[in-house]
Amino acid sequence: LPLKMLTTLEQRQKLLKAWDFDLYLLEKFDANYAQLSAEEFILEKIIRPFSPRAIVVGYDFNFGKNKSGNVQL
């Protein structure tokens, strides 16, 4: 079955604007992106460009190659 999105890109942009987000990042997920380790992802895509004071995710959130990153990381 073809992948179906819950919202279109245009709908997501409208929702983010309505929620008064100052900034959001849209990146193409491809084979190179999928190979990032959890440490590379958090440093290169989150920490270095944004220097966040806090990151909010769900309790079962995983990221990085093979879902190796978690909330504790």
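What you are looking at is a predicted structure, and each value in this text was computed from that prediction instead of being measured.
Residues Q13 and Y24 are in side-chain contact: their nearest non-hydrogen atoms beyond the backbone lie under 4.5 Å apart.
The line from CD of E39 to CZ of F63 is 7.5 Å long, rounded to the nearest 0.5 Å. Once rounded to the nearest 0.5 Å, the distance linking CD1 of I42 with CD1 of I55 reads 4.0 Å. Separation of atoms CG (L25) and CD1 (I46) is listed at 7.5 Å; rounding is to 0.5 Å. We find the CG-OH distance between N70 and Y59 to be 14.0 Å, quoted to the nearest 0.5 Å. Atom CD of Q11 is separated from atom CG of L16 by 12.0 Å, given to the nearest 0.5 angstrom.
When hydrophobic clusters are built by joining Ile, Leu, Val, Met, Phe, Trp and Tyr residues whose side-chain heavy atoms come closer than 4.5 Å, directly or via intermediates, L26 is not grouped with F29. The hydrophobic clustering, which links ILVMFWY residues whose side-chain heavy atoms are closer than 4.5 Å, places F61 and Y33 together. Transitive grouping of hydrophobic side chains (ILVMFWY, heavy atoms separated by less than 4.5 Å) keeps V57 and F21 in distinct clusters.
Other residues, nucleotides and ligands place more than 12 heavy atoms under 6.0 Å from the CD atom of E27.
Across all their heavy atoms, G58 and V71 have their closest contact at O-CG2, 3.8 Å. Annotation for E44 and L36: closest pair OE1-CD2, 3.9 Å, computed over non-hydrogen atoms.
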From CA spacing to verdict: side chain to side chain contact (heavy atoms under 4.5 Å, CB included), R12, M5: CA-CA 11 Å; R12 280 179 270 157; M5 304 302 283; 4.0 Å; yes
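For N66 (side chain) and S68 (main-chain N/O), no donor-acceptor pair under 3.5 Å exists by modelled atom type.
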